[in-house]
Amino acid sequence: MVTNKLEYLLLTLMDLAMNSADNYVVSKDVAERQGISPKYMPQLMALLSRKGWVDSARGCKGRVRLVADPREITVSDVVEVAGEPLIIKPCVSSEYHCDRKQGCPLNLLWLKAQMSIDRIAENTTLADLLEIKSHLETKAHKKDDLDLQGEAANPA
């Protein structure tokens with residue numbers, strides 16, 4: 001399951017990659033932009049700092065910056081930092097006990113789905129996510145431009 005913790009870590013890393021290049025940003029601002037509780041940010045930053053991906057500057061505002069290369073951070077890496085498995089169903093885990101597991105046709109379906117999720121997480125980098133975000137924003141801007149052109153051509 002995708003936990004809030006995993007999602008918040010990914011959103012935080014993406015925000016830092018987009019906004020901190022060589023400068024530090026205020027972690028509270030990152031929290032606000034990403035809809036994350038500012039009270040939760042110190043925990044997220046501690047995990048990211050421990051991994052060596054984020055550097056912080058002392059001070060009352062909690063300034064941080066990404067020091068790792070977004071092309072080197074995979075979603076799987078972030079899952080590991082979160083410390084919570086990214087699993088579709090508990091039964092895909094070898095530790096999970098279910099009396100029906102061996103004869104369950106759904107178990108094979110879930111295992112195949114899990115393998116796909118694992119492969120995607122292992123092959124998707126933070127840079128890939130940033131590229132997707134940029135593409136979506138460009139697409140949204142083009143749609144907005146078309147909508148504005150349509151409104152100008154058809155005034156009410």
*Could you walk me through whether D128 and T125 pass the side chain to side chain donor-acceptor pair (under 3.5 Å) check?*
CA-CA 5 Å; D128 295 330; T125 66; 3.2 Å; yes
Measure the [atom1]-[atom2] distance between [X] and [Y] for me, rounded to the nearest 0.5 Å.
X    : Y    : atom1 : atom2 : answer
M18  : L129 : CE    : CG    : 11.5 Å
D15  : S27  : CG    : OG    : 10.5 Å
K133 : E137 : NZ    : CD    : 4.0 Å
L47  : W53  : CG    : CH2   : 10.0 Å
L9   : E7   : CG    : CD    : 10.5 Å
N123 : T74  : CG    : OG1   : 8.5 Å

*Apply side-chain contact (heavy atoms from CB on, under 4.5 Å) to the pair V75 and I120, showing each step before the final yes or no.*
CA-CA 8 Å; V75 173; I120 291 167; over 6 Å; no
State yes or no: do [X] and [Y] share one hydrophobic cluster built from I, L, V, M, F, W and Y residues joined by side-chain heavy-atom distances below 4.5 Å, directly or via other members?
X    : Y    : value
I88  : L86  : yes
Y24  : M14  : no
L66  : L130 : yes
L111 : I87  : yes
V92  : Y96  : no

*Applying side chain to side chain contact (heavy atoms under 4.5 Å, CB included), name anything that partners Q43, two or more places apart in sequence or on another chain.*
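If we apply the side chain to side chain contact (heavy atoms under 4.5 Å, CB included) test to Q43, skipping adjacent residues, the hits are Y40.
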Looking at every non-hydrogen atom in both residues, tell me the closest pair between [X] and [Y] and how far apart they are.
X   : Y    : value
C91 : W110 : SG-CD1, 3.6 Å
R71 : A127 : CG-CB, 3.6 Å
L10 : L126 : O-CD1, 4.4 Å
A31 : M41  : CB-CG, 3.3 Å
N19 : V25  : O-CG1, 3.3 Å
E84 : T3   : OE1-OG1, 2.7 Å

_What verdict does the side-chain contact (heavy atoms from CB on, under 4.5 Å) test give for R65 and V54, after you've listed the backbone C-alpha separation in whole Å, the side-chain angles of each residue and the deciding distance to 0.1 Å?_
CA-CA 6 Å; R65 69 180 174 140; V54 170; over 6 Å; no
*Salt-bridge test for K28 and E32: reply yes if a basic N is under 4.0 Å from a carboxylate O, no otherwise.*
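E32 and K28: not salt-bridged.
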*Can you establish whether the number of heavy atoms outside K89 located under 6.0 Å from its atom NZ is more than 12?*
no
*asked:* Pair L13, L48 - check side-chain contact (heavy atoms from CB on, under 4.5 Å), show working.
replied: CA-CA 8 Å; L13 285 166; L48 298 174; 3.9 Å; yes
_Please evaluate residues T124 and E122 with respect to the criterion side-chain contact (heavy atoms from CB on, under 4.5 Å), reporting the C-alpha separation (whole Å), side-chain torsions for both, the decisive distance (0.1 Å), and the verdict._
CA-CA 6 Å; T124 303; E122 290 165 4; over 6 Å; no
*So do the side chains of I36 and V30 get within less than 4.5 Å of each other, counting heavy atoms only?*
no
